[in-house]
Asks: 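A single structure is presented below for examination.
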2 protein chains.
Amino acid sequence: MATMHDVARLAQVSVSTVSYVLTGARPISQATRAKVLTAMAELDYQPNAMARGLASRRSRILGLLLPMDERGLGATETAFVTGAAAAASAVGYHLVLSPVGGGGDLDGLRRLASQRMFDGVVLMEVQLADERVTALQQAGVPLVLIGRTGDTDGLSYVDIDFAQTVREAVAHLVGLGHRQIVYVNHSAETLASGYGPALRTRDAFVTAMTGHGLEPVMIPAQDSAAGGRAALAAAFARTPDLTAVLAMNETAVFGILGELTARGLAVPDDVSVVSMVTSPQVAELATPALTTMTSPGSAMGRIAIEALVRHLDGAGDERHQQLLPCALEIRGSTAAPRSRHTDGG
Amino acid sequence: MATMHDVARLAQVSVSTVSYVLTGARPISQATRAKVLTAMAELDYQPNAMARGLASRRSRILGLLLPMDERGLGATETAFVTGAAAAASAVGYHLVLSPVGGGGDLDGLRRLASQRMFDGVVLMEVQLADERVTALQQAGVPLVLIGRTGDTDGLSYVDIDFAQTVREAVAHLVGLGHRQIVYVNHSAETLASGYGPALRTRDAFVTAMTGHGLEPVMIPAQDSAAGGRAALAAAFARTPDLTAVLAMNETAVFGILGELTARGLAVPDDVSVVSMVTSPQVAELATPALTTMTSPGSAMGRIAIEALVRHLDGAGDERHQQLLPCALEIRGSTAAPRSRHTDGG
DNA sequence: ATGAAAGCGCTAACAG
DNA sequence: CTGTTAGCGCTTTCAT
């Protein structure tokens with residue numbers, strides 16, 4: 001493995017000159033640059049990442065901190081991760097996937113942050129009140145959130161615009177003529193834990209429905225097909241004449257569809273279904289394909305990384321706060337309601 | 001940020017002593033060890049990862065090289081990734097997610113390998129003839145594959161035992177009384193590109209069916225719901241009296257189910273469906289839930305990382321070659337066939 | 001059982 | 001525009 005010294009010797013220049021043609025941190029004449037480049041090619045030289053990191057105090061490694069529990073990642077989160085990895089790679093950074101225990105080891109996080117392995121960090125699955133954020137801030141690590149805390153003062157983040165997403169979804173259903181719309185959220189425990197998407201969409205749903213003069217009926221659901229089934233049963237118990245379901249639960253929505261079929265109700269003729277923050281791939285798995293508010297996918301991860309890198313390379317003090325909308329994509333699961341009363345259903 | 005010097009000074013010992021209590025590479029008396037530990041705690045000392053990496057020539061970073069194309073990762077691959085990340089973290093390594101262009105930039109790979117950023121590398125989505133493998137080997141990077149090449153001589157890998165998986169799936173269907181079983185594989189292009197899982201399951205299917213004295217009918221399908229629909233149509237054109245589908249395509253299988261429903265055929269009463277190498281989460285999305293050959297999930301990634309680390313820490317020359325079975329999990333999509341002829345169907 | 005010191009390979013002042 | 005040199009913070013001989 002050739003070192004910078006070898007290159008310098010072969011090119012008959014000093015090591016610093018070699019370093020400077022590499023970093024471009026000061027002007028080099030065409031002639032010397034050419035000599036150096038030739039020598040590099042000759043020796044098949046690659047700079048040593050660790051040495052560079054130590055000397056420059058920049059590892060060019062970014063951390064992607066994500067809680068990895070039993071369930072693994074959904075399609076939406078996976079898209080964030082792959083988007084981030086691709087973006088990091090594109091700007092010459094490496095991306096370390098760092099599984100951090102959901103709530104537990106803040107100490108581990110602090111330790112991580114102090115090792116100076118990461119130039120900066122993207123934190124996923126942020127809670128409304130998230131100790132990890134303050135821990136990271138105190139450690140002085142440049143930070144961008146995917147999602148956001150309750151108080152975003154001084155923080156950089158990218159998140160989904162849940163308010164607008166819910167508003168559009170409700171508008172779509174109301175526009176079709178639906179009046180009895182039930183909102184199926186994540187579980188009660190998830191809500192209690194302060195999970196932002198669940199709480200923000202809940203509030204947005206109340207606002208949207210009230211704005212249309214309709215009653216906001218909401219049902220929690222476990223993140224499973226069975227949870228979706230149970231939630232739909234509960235929904236019918238509460239609102240027997242419901243004609244539309246708005247699901248904020250990518251997994252439960254399949255149980256909802258199954259239960260609907262089991263009850264002899266057709267989608268979308270008897271009941272319309274909109275799945276929020278859902279990837280097209282998942283939407284296509286259902287029959288009929290789901291009308292969704294499509295999640296921003298890899299763009300989310302990409303934007304987070306780009307903001308972080310801008311923060312690292314740039315002057316420094318700008319904050320990046322951005323909400324991304326989910327786009328309404330109408331597929332086969334929504335239609336105008338038909339009154340089941342007249343059919344005797 | 002405290003350095004090792006600070007700790008040494010506070011503990012009134014030399015830097016090397018501090019280093020040795022950290023690495024445990026030579027015996028230290030209880031007394032000095034205690035002094036050092038106290039000083040470390042006092043200063044909240046964390047070793048600098050880059051400095052350590054440079055001096056020891058071990059970065060404690062592993063690379064996970066995976067092609068990231070448009071579609072992103074499926075549930076099965078995502079499980080590999082999360083399993084690998086968790087395992088690496090558990091043994092004190094970091095895991096860098098490195099998107100490498102499917103076939104393209106071998107040079108980029110070589111460059112990566114020469115930067116000495118990775119102590120070792122796990123390569124995913126290996127093709128039967130994969131230039132990346134030889135490139136990495138030439139670069140002298142310790143390597144473990146997830147999947148395997150055609151010639152596995154001298155290579156370490158973890159892969160799915162496709163032969164046994166197919167054998168069991170076919171045995172399950174035949175045991176239920178099925179005789180007309182159609183195998184839906186990946187697309188013809190994927191097969192042509194030398195994608196191991198597709199090729200190995202194809203061969204295994206022929207062997208298994210022939211062994212039962214049955215004719216192996218095989219249909220390719222694009223990786224999409226639409227692809228599954230088209231494949232099923234083709235299957236019925238070729239084998240009108242088919243009673244079971246064996247799907248090696250996690251995405252297409254949902255299109256198969258949709259098309260079956262569209263044709264008025266019930267699952268599993270009219271047609272049984274087995275989905276191969278599929279995660280339970282995905283299986284539960286279907287109605288009825290799919291009988292699957294369940295993919296090893298995170299175990300795959302974990303085993304690959306553990307083998308790699310053993311190779312790095314240990315003496316060195318052992319090769320790790322392991323095939324993991326997929327377990328038959330019977331859910332609602334398989335049952336004994338009923339003759340549709342008698343129903344006029 | 002401990003210390004001193006020579007690097008690891010590079011960056012970035014400082015000096016022309 | 002180029003060279004010299006002092007570190008970056010740690011590991012690891014070589015001494016004792």
Side-chain angles (χ1 to χ4, degrees), chain A residues 1-37 39-40 43-61 92 94 111 113-119 312-313, chain B residues 1-37 39-40 43-61 92 94 111 113-119 312-313:
Chain A
M1 206 96 300
T3 75
M4 203 173 238
H5 262 94
D6 302 329
V7 175
R9 185 155 5 100
L10 182 59
Q12 315 203 62
V13 297
S14 72
V15 273
S16 61
T17 299
V18 178
S19 174
Y20 284 119
V21 340
L22 230 39
T23 63
R26 84 181 182 192
I28 300 282
S29 75
Q30 275 309 318
T32 27
R33 148 172 282 111
K35 274 197 303 183
V36 171
L37 258 21
M40 283 182 177
L43 296 171
D44 197 20
Y45 169 76
Q46 290 302 327
N48 179 303
M50 293 292 122
R52 183 188 280 231
L54 175 58
S56 67
R57 265 144 298 217
R58 314 272 257 85
S59 65
R60 298 197 77 82
I61 298 177
H94 292 282
R111 213 170 309 136
S114 305
Q115 288 179 168
R116 316 260 88 185
M117 159 89 49
F118 301 144
D119 289 348
L312 294 175
D313 290 350
Chain B
M1 204 92 306
T3 75
M4 203 172 238
H5 263 95
D6 303 328
V7 176
R9 185 156 3 100
L10 183 59
Q12 315 204 62
V13 297
S14 72
V15 273
S16 59
T17 298
V18 177
S19 175
Y20 284 118
V21 340
L22 229 42
T23 62
R26 85 180 181 192
I28 300 282
S29 75
Q30 276 308 318
T32 32
R33 147 172 283 109
K35 275 197 303 186
V36 170
L37 258 21
M40 283 182 176
L43 297 172
D44 196 21
Y45 169 75
Q46 289 304 327
N48 179 302
M50 291 293 122
R52 184 185 278 231
L54 177 57
S56 67
R57 267 146 294 225
R58 314 272 258 87
S59 65
R60 299 198 76 81
I61 298 176
H94 292 281
R111 214 171 307 135
S114 305
Q115 288 178 174
R116 314 264 91 183
M117 160 88 51
F118 302 144
D119 289 348
L312 294 175
D313 291 350

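Every chain is numbered from 1 and lettered A, B, ... according to where its sequence line falls, protein lines coming before strand lines.
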Asks: For the pair made of CZ in A/R9 and P in C/dC10, what is the distance, rounded to whole Å?
Replies: 13 Å
Asks: Counting only side-chain heavy atoms from C-beta out, which of D/dG3, C/dC10, D/dT12 sits nearest to B/S19?
Replies: D/dT12
Asks: Which one, D/dG3, D/dG9, C/dA4, comes nearest to the side chain of B/L54?
Replies: D/dG9
Asks: Which one, C/dA1, D/dC10, C/dG3, comes nearest to the side chain of B/P27?
Replies: C/dA1
Asks: Please determine whether a side-chain nitrogen or oxygen atom of B/T3 lies at a distance below 4.0 Å from atom OP1 or OP2 of D/dG9.
Replies: no
Asks: Measuring only between side-chain heavy atoms, which start at C-beta, is B/M40 closer than 4.5 Å to B/V21?
Replies: yes
Asks: Expressed in angstrom and rounded to an integer, what is the separation of B/M1 atom CE from D/dG9 atom P?
Replies: 10 Å
Asks: Using only atom types and a distance under 3.5 Å, with no angle test, would you say the side chain of B/S56 pairs donor to acceptor with the backbone of B/R52?
Replies: yes
Asks: Return whichever of B/S56 or B/Q30 has its heavy-atom-nearest nucleotide of DNA chain C closer to the 5' end.
Replies: B/Q30
Asks: Judged by atom type as modelled, is there a donor-acceptor pair below 3.5 Å linking the side chain of A/D119 to the main-chain atoms of A/R58?
Replies: no
Asks: What is the distance, rounded to the nearest whole Å, between atom CZ of A/R57 and atom P of C/dA12?
Replies: 8 Å
Asks: Atom CE of A/M40 and atom C1' of C/dC10: how far apart are they, to the nearest Å?
Replies: 12 Å
Asks: Tell me: NE2 of A/H5 to P of D/dG3, nearest whole Å?
Replies: 13 Å
Asks: Nearest-Å distance, CD1 (A/I28) to P (C/dT11)?
Replies: 12 Å
Asks: Can you tell which of D/dG9, C/dT2, C/dG9 lies closest to the side chain of B/N48?
Replies: D/dG9
Asks: Map B/A31 and A/M50 onto DNA chain C by nearest heavy atom, then report which one ends up closer to the 5' terminus.
Replies: B/A31
Asks: Sub-3.5 Å donor-acceptor pair from the side chain of A/S59 to the main-chain atoms of A/M117, do we have one?
Replies: yes
Asks: Of the candidate nucleotides D/dG3, C/dG9, D/dC10, which contains the atom at the shortest distance from the side chain of A/R26?
Replies: D/dG3
Asks: Among D/dT11, C/dC10, D/dT4, which nucleotide sits nearest the side chain of A/S16?
Replies: D/dT4
Asks: Which part of the nucleic acid, if any, lies within reach of A/L22 when heavy atoms closer than 4.0 Å are counted: base, sugar-phosphate only, or nothing?
Replies: nothing
Asks: To the nearest Å, give me how far apart NZ (A/K35) and C1' (D/dC1) are.
Replies: 12 Å
Asks: Quiz question: by atom type and distance under 3.5 Å, do the side chains of A/S14 and A/T17 form a donor-acceptor pair?
Replies: yes
Asks: Do the ring centers of A/H94 and B/F118 come within less than 6.0 Å of each other?
Replies: yes
Asks: Under the 3.5 Å rule, do the base of C/dA1 and the side chain of B/Y20 count as making a donor-acceptor pair?
Replies: no
Asks: Quick one: A/M4 CE to D/dT4 C1', roughly how many Å, whole number?
Replies: 15 Å
Asks: Check whether any side-chain nitrogen or oxygen of B/S29 sits under 4.0 Å from OP1 or OP2 of C/dA1, and answer yes or no.
Replies: no
Asks: Describe the nucleic acid contact of A/V18 in one word from base, sugar-phosphate, nothing, applying a heavy-atom distance below 4.0 Å.
Replies: nothing
Asks: Would you say B/R52 reaches D/dG9's phosphate, i.e. side-chain N/O to OP1/OP2 under 4.0 Å?
Replies: no
